[in-house]
Peer 1: 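Here it is, the structure in full.
These values consider heavy atoms only, across backbone and side chains, with no hydrogens, waters or symmetry-generated copies. Lettering of chains follows the sequences in order, A, B, ..., and the numbering in each one begins at 1.
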Amino acid sequence: MRIATWNVNSLNARLPRVEAWLDDVRPDVLCLQETKLADASFPAMAFAALGYEAVHHGDGRWNGVAILSRVGLDDPLAGFAPGIEPDVDTRLVAASCGGVRVHSVYVPNGRALDDPHYAYKLSWLARLRAHLEATADPASEVVVCGDFNIAPDDIDVWDRAAFEGATHVSEPERTALGALLDWGLVDTFRARYPELPGLYSYWDYTAGRFHKREGMRIDYVLASARLAARSVLDVVDRNARKGTKPSDHAPVIAEFAR
DNA sequence: ATGGTAGAGCATCTA
């Protein structure tokens, strides 16, 4: 089972690239973030032509998440479960694909430690944990994939000193991510490559950071123990960040033996 | 020199 996640930074701008990538990589499941589309504008037919069912949750201008699957797509759920304070944005969608409960998440950026958006980020992470508690079983096969906007460790950023006092590396958000993992999830990429720096999924468009290899590892596939035990591959597809009109994120691929 | 680029949409906002 090949599961991928990709923040495409506008699906409108990226559709030809995503289609070509799907045709090349043929993941069983692809989670998308930052489609920046309303549901009515989601190009479901383009993905159906490639053999993928899809569910999309978006409100048009910003955010927007989707799941594509060629191994079935059942019980879609947009946003947080009933009983949890609803999200003001469209940042979470879940579905069952080939026996795996899949979540595509776009965690709020936070902007700055003293910005209200940072409090929203922490609240959002707590609500995601509550959502998992309410709708999924950590003893079953679960993945939570997406752009977490958190570098889990200092080796997940190109220069820790450059992030002093900034979001993405602060203790409260790392603690919130830890609480998510404590529910029963494994960062399979870091489990495969412990202590190996320089493996990023995002590079700021500005200042030529991609070509200077100045990035951050903020996109990942979190897997429940039952799946993580069968983890056979973890890759960041840096090639998808090259050429004309790339996203500022590269796709992250995780594979699990059946 | 608080810079730089990309996307949405048409003035800025978001990242």
Peer 1: Mind listing the closest non-hydrogen atom pair of A/Val157 and A/Ala151 along with its distance?
Peer 2: CG1-CB, 3.5 Å
Peer 1: What does A/Phe210 touch in the nucleic acid at a heavy-atom separation under 4.0 angstrom: a base, only the sugar-phosphate, or nothing?
Peer 2: nothing
Peer 1: I'd like the C1' distance from B/dA15 over to B/dG9, given in whole Å.
Peer 2: 16 Å
Peer 1: Where each residue is assigned the nucleotide of DNA chain B containing its nearest heavy atom, which of A/Asp147 and A/Ser10 is assigned the position nearer the 5′ end?
Peer 2: A/Ser10
Peer 1: Starting from P on B/dA8, measure out to CG on A/Leu37 and report it in whole angstrom.
Peer 2: 8 Å
Peer 1: How many Å lie between NZ on A/Lys36 and P on B/dA8, as a whole number?
Peer 2: 6 Å
Peer 1: I want to verify a distance call: between B/dA15, B/dG7, B/dA11, whose nearest atom is closest to the A/Arg61 side chain?
Peer 2: B/dA11
Peer 1: Could you check, using the six-membered ring where one of them is a Trp, whether A/Tyr106 and A/Trp124 have ring centers closer than 6.0 angstrom?
Peer 2: no
Peer 1: Base, sugar-phosphate, or nothing for A/Asn12, non-hydrogen atoms under 4.0 angstrom?
Peer 2: sugar-phosphate
Peer 1: For the pair made of CG in A/Asp89 and P in B/dA15, what is the distance, rounded to whole Å?
Peer 2: 8 Å
Peer 1: Can you measure A/Asn7 atom CG to B/dT14 atom C1' for me and round it to whole angstrom units?
Peer 2: 12 Å
Peer 1: Please tell me which of A/Pro246 and A/Asn109 maps to the more 5' nucleotide of DNA chain B, matching each residue to the nucleotide holding its nearest heavy atom.
Peer 2: A/Pro246
Peer 1: With the side chain of A/His117 defined as its heavy atoms from C-beta on, choose the nearest nucleotide among B/dA15, B/dT5, B/dC13.
Peer 2: B/dA15
Peer 1: Tell me whether A/Arg213 at atom CZ has more than 12 heavy atoms from other residues, nucleotides or ligands lying less than 6.0 Å away.
Peer 2: no
Peer 1: Please measure how far the C1' atom in B/dA6 lies from the corresponding atom in B/dA1, and state the result in whole Å.
Peer 2: 22 Å
Peer 1: Out of A/Asp153, A/Asp154, A/Asp156, A/Asp187, which one pairs with A/Arg174 under the salt bridge (Lys or Arg N to Asp or Glu O under 4.0 Å) rule?
Peer 2: A/Asp154
Peer 1: Starting at CH2 of A/Trp62 and ending at P of B/dA6, how long is that distance when rounded to a whole Å?
Peer 2: 19 Å
Peer 1: From B/dA6, B/dG4, B/dA11, pick the nucleotide closest to the side chain of A/Thr206?
Peer 2: B/dG4
Peer 1: Taking CZ from A/Arg241 and C1' from B/dA15, how many angstroms apart are they, rounded to a whole number?
Peer 2: 13 Å
Peer 1: Quick one: A/Trp203 CH2 to B/dA15 C1', roughly how many Å, whole number?
Peer 2: 16 Å
Peer 1: Can you tell me which nucleotide in B/dA15, B/dG7, B/dG9 comes closest to the side chain of A/Arg14?
Peer 2: B/dG7
Peer 1: Compare the minimum distances between each of B/dT14, B/dT5, B/dA11 and the side chain of A/Tyr205, then state the nucleotide with the smallest one.
Peer 2: B/dT5
Peer 1: Atom OH of A/Tyr106 to atom C1' of B/dA15: distance rounded to whole Å?
Peer 2: 6 Å
Peer 1: For B/dG7, does either OP1 or OP2 sit under 4.0 Å from a side-chain N or O belonging to A/Lys245?
Peer 2: yes
Peer 1: Would A/Arg26 and A/Arg70 satisfy side-chain contact (heavy atoms from CB on, under 4.5 Å), going step by step from the backbone distance to the final call?
Peer 2: CA-CA 9 Å; A/Arg26 296 303 291 170; A/Arg70 62 186 184 95; 3.7 Å; yes
Peer 1: Contact class for A/Arg209 vs. all strands (heavy atom < 4.0 Å): base, sugar-phosphate, or nothing?
Peer 2: nothing
Peer 1: Kindly say whether A/Trp203 contributes a backbone atom to a donor-acceptor pair with the side chain of A/Arg241 at under 3.5 angstrom?
Peer 2: yes
